[in-house]
S.K.: 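Please see the structure below; I have some questions.
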Amino acid sequence: MLKNNLGFPRIGSHRQLKKACESYWSGKTSLSELIEVGKKIRIENWKLQRELGIDLIPSNDFSFYDHVLDHSLMFGVIPQRFEVLKHLPEADQYFAMARGYQQNGFDLKAMEMTKWFDTNYHYIVPEFTRFQTFKLNADKIISEFREAKNEGIITKSVIIGPVSYLLLGKEKEEGFDKLSLLDRLLPVYCDLIARLVNEGAEWIQFDEPFLALDINYQTKDALRVVYQTIRKEFPALKILLATYFDGLQDNILAAVNLPICALHLDLVRCPEQLEEVLPKIPEDFTLSLGLIDGRNIWKTDYQKVIPIVEKAIKTLGTHRVMLAPSCSLIHTPCNLENETKISAEIKDWLAFAQQKLIEITEIYEVVVNQKIECLTKNQASIQRRQTSTLIHKPHVKTRVAEVKSSDLNRKSSFLERQIVQKDILNLPLFPTTTIGSFPQTDEIRAIRAKFKKGEISVVQYNEFIKLHTQKVVVWQEELGFDVLVHGEFERNDMVEYFGELLSGFVFSENGWVQSYGSRCVKPPIIFGDIERKTAMTVEWSKYAQSLTQKPMKGMLTGPITILQWSFVRDDQPRSSTMMQIAWAIRDEVVDLEKAGIKIIQIDEAALREGLPLRQTKRAAYLKNAIDAFRISASGVQDETQIHTHMCYSEFNDIIENIAEMDADVITIETSRSQMELLEAFAKFNYPNEIGPGVYDIHSPRVPSVEEMEVLLLKAMEVLPAQNLWVNPDCGLKTRKWPETQQALRNMIEAAHRVRERVTEFA
Ligand SMILES: CN1c2c(nc(N)[nH]c2=O)NC[C@@H]1CNc1ccc(C(=O)N[C@@H](CCC(=O)N[C@@H](CCC(=O)N[C@@H](CCC(=O)O)C(=O)O)C(=O)O)C(=O)O)cc1
Ligand SMILES: N[C@@H](CCS)C(=O)O
Ligand SMILES: [Zn+2]
């Protein structure tokens, strides 16, 4: 029974990769220093996995920015516009594709970035053209394989399977289907496999996560052609095909009929699939059981998983079963041992990536070598958690259970509210605003770190934050913004900040997980019932409002997003936890209104991300999610304008549900996709107000006045001008000040120009 790992966190246990990348980007360190940091992380990871007893250790799971972009480079899928950078080192071309490039007279937009399935990881979307060609550049994958081999480890290279790679991309021209590119792509995959086999590769892991999604006949057929071709060319190759994030369901036959050696199943997301898959497994097939949750941080209950392993062994025999995490471990933090502040009681319930690999080994030991002490120790922890007095608060449960329909509804319809709000707020056409955060400078982060270490007092910290808030308010007024924000300088992260103020959460010091590129998050851990201990944002919003006559938006993170970007307790339905958060946020919204805040934004950046991957599960999720949002937003009077904000979202399939949220204004990400998204809003006759992002804040590139004006004009073609707002795609916390100032100046100018055009036209 082989112990199989699908992927290990690549950021380093102390975010070494983030620091090295950012240092290189800012010109402080050289490329060779960056490359060295990457190599050190990889070697440490491989050695660690070997020490922990993993048999199939992955390589090519490392990436300097994103593994999908790595594949695009590996296959020569480089958009034409980056050809002009051919003279640069390959690493700089790579980072230019990810981040845009605005230097030395060049002005190249970054490639689109979107969510990796239902995770908070973002990948760079491959861009395909009708006559797309592919050309192999296997340097990265081969050199990583060799690096590990030098350490005496024959790794299992991880590659995204050809079908999933194509499906992850986007057709940049009309009139062709990306799957039709398979004829040209497959031979390049075969060249790649040949190179790996030549180097001594025995196993290759092909990730085909789309097999766990709703796919059509053509896709199943494409999978068949691909793996038949590979099998024919490489009869001795051990192909492990990995599916994750859901079950195979109606794709079971398509999967088990593929000529592969091993199939990986996510048995955390879909345990019930095993029953159906087992009898259909061909004789020469191995099954990789994804039993350790790669998407959460709770200790595995061995008593629950061991019978599953035994069942698989009974049908297949020990040698045809593998033990594995449910998916790559990049979605979990590296090592629980680095945590010094989580109480011993709660730490006992947790497992980070390293501990998850230990769990695999322990389960193996229990099953194969009857090492019962591992099971006994595990069961003691599981029981301590189940009986802990920290978790349950009956009054919280009662409040959630007693929801009435009036709790879910604003007092009047949107059209009635719009009239009252227009009257009170008196905003111009195309009101200008931002999404909330302004640059979190190194100085702010350093001061917060000092405050957290107790090196400065709360008074000193608050004075410092107030000073920054004041500066940003004055600056927005000078620039002519219509609706102001306070800048969110007091927040470490839009979810962690609220978690810290709510009961039922704990926090890691080092539990970082990659979100995109060098950006990481430290998801809070929800272990118990949630309630608001005290007002969380009111003092900051009141202070900021006191500095200006213009409306100051109150800024909150919504229940869906707090849930989605946390590690959520697994001892009650997620929807129950979401409702507890919804009530806590509602209390805050009501308090903000009482404090005189006229516009309140409840960010739901993760609404789309939380949407189940399978169609059949979506309605239930959406019902709960929309109810949770409505509970959080409906405690206020008609006069109070509720905004929501979403980024990285493909809304076409959920536009009706977004309308049901009934936010007075929604601000959304649209600039990287050139407003494509708005057509969905237009088609649906979306009734409420919309701020389509015109400035892509995920790139340091400064957009020109003209290009933002063009985007606004595009928006006007499909939506009524009186419903449009002007704003960036998302918050500005990741940006530097100079580019932010220039971009926002341009944005305000673009709004003025469009206003003038409309007035002239009228
Ligand atoms: C809007 N997005 C968010 C997502 N998920 C979230 N949980 N939050 C989001 O805002 N998902 C979708 C999008 C895009 N994703 C991200 C993810 C992460 C960031 C980001 O800016 N991350 C920061 C870390 C933020 C944070 O927690 N900061 C803390 C700690 C700062 C720190 O590193 N401190 C140093 C010490 C500093 C010193 O001494 O000088 C340390 O601990 O070593 C804070 O500010 O206090 C990142 O840098 O990666 C953005 C968008
Ligand atoms: N208000 C948050 C939303 C990010 S999705 C911000 O501005 O950073
Ligand atoms: Zn956002």
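Since we're looking at a predicted model, the values are computed, not measured.
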S.K.: List the steps and the verdict of ring-ring contact (aromatic ring centres under 6.0 Å, His included) for His67 and Tyr121.
M.R.: CA-CA 11 Å; His67 59 277; Tyr121 177 78; 5.5 Å; yes
S.K.: Sequence neighbours excluded, which residues qualify as side-chain contact (heavy atoms from CB on, under 4.5 Å) partners of Pro271?
M.R.: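 If we apply the side-chain contact (heavy atoms from CB on, under 4.5 Å) test to Pro271, skipping adjacent residues, there are no hits.
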S.K.: For Thr361 and Leu52, indicate whether the former's side chain and the latter's backbone hold a donor-acceptor pair under 3.5 Å.
M.R.: yes
S.K.: Are Arg384 and Glu345 packed together at the side-chain level, in the sense that at least one heavy-atom pair is separated by less than 4.5 angstrom?
M.R.: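 In short, these two side chains do not touch, never coming nearer than 4.5 Å.
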S.K.: Go through it in stages, so that I can follow the logic: the residues are Arg269 and Asp293, the test is salt bridge (charged side-chain N to carboxylate O under 4.0 Å, His left out), and I'd like the CA-CA distance, side-chain angles, deciding distance and then a yes or no.
M.R.: CA-CA 8 Å; Arg269 278 286 169 89; Asp293 195 347; over 6 Å; no
S.K.: Side chains of Tyr165 and Ser72: donor-acceptor distance under 3.5 Å anywhere?
M.R.: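 Looking only at side-chain atoms, Ser72 and Tyr165 do form a donor-acceptor pair, the distance falling under 3.5 Å.
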S.K.: Quick one: are Thr300 and Ile292 in side-chain contact, heavy atoms under 4.5 Å?
M.R.: yes
S.K.: Does Lys140 pair with Asp70 as a salt bridge, N-O distance under 4.0 Å?
M.R.: yes
S.K.: State, without any angle test, whether Gln514 and Arg15 hold a side-chain donor-acceptor pair at a distance under 3.5 Å.
M.R.: no
S.K.: Between Phe64 and Phe62, how do the two ring planes meet: parallel, tilted or perpendicular, split at 30° and 60°?
M.R.: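 Perpendicular.
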S.K.: In terms of ring plane angle, is the pair Phe206 and Tyr227 parallel, tilted or perpendicular, where the classes change at 30° and 60°?
M.R.: perpendicular
S.K.: Mind telling me whether Phe117 and Phe245 have parallel, tilted or perpendicular rings, with 30° and 60° as the class edges?
M.R.: tilted
S.K.: For the residue pair Gln273 and Asp266, what are the closest heavy atoms and their distance?
M.R.: NE2-O, 2.9 Å
S.K.: Which heavy atom of Gln49 sits nearest to which heavy atom of Pro58, and what is that distance?
M.R.: OE1-CD, 3.3 Å
S.K.: For Glu171, give me all partners under side chain to side chain donor-acceptor pair (under 3.5 Å), at least two apart in sequence or on another chain.
M.R.: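 In terms of side chain to side chain donor-acceptor pair (under 3.5 Å), with neighbours along the sequence ignored, Glu171 is linked to no residue.
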S.K.: Do Ile204 and Ile159 have side-chain heavy atoms sitting under 4.5 Å apart?
M.R.: yes
S.K.: By the definition side chain to side chain contact (heavy atoms under 4.5 Å, CB included), identify the one residue from Lys156, Arg42, Glu144, Gln205 that meets it with Asn60.
M.R.: Glu144
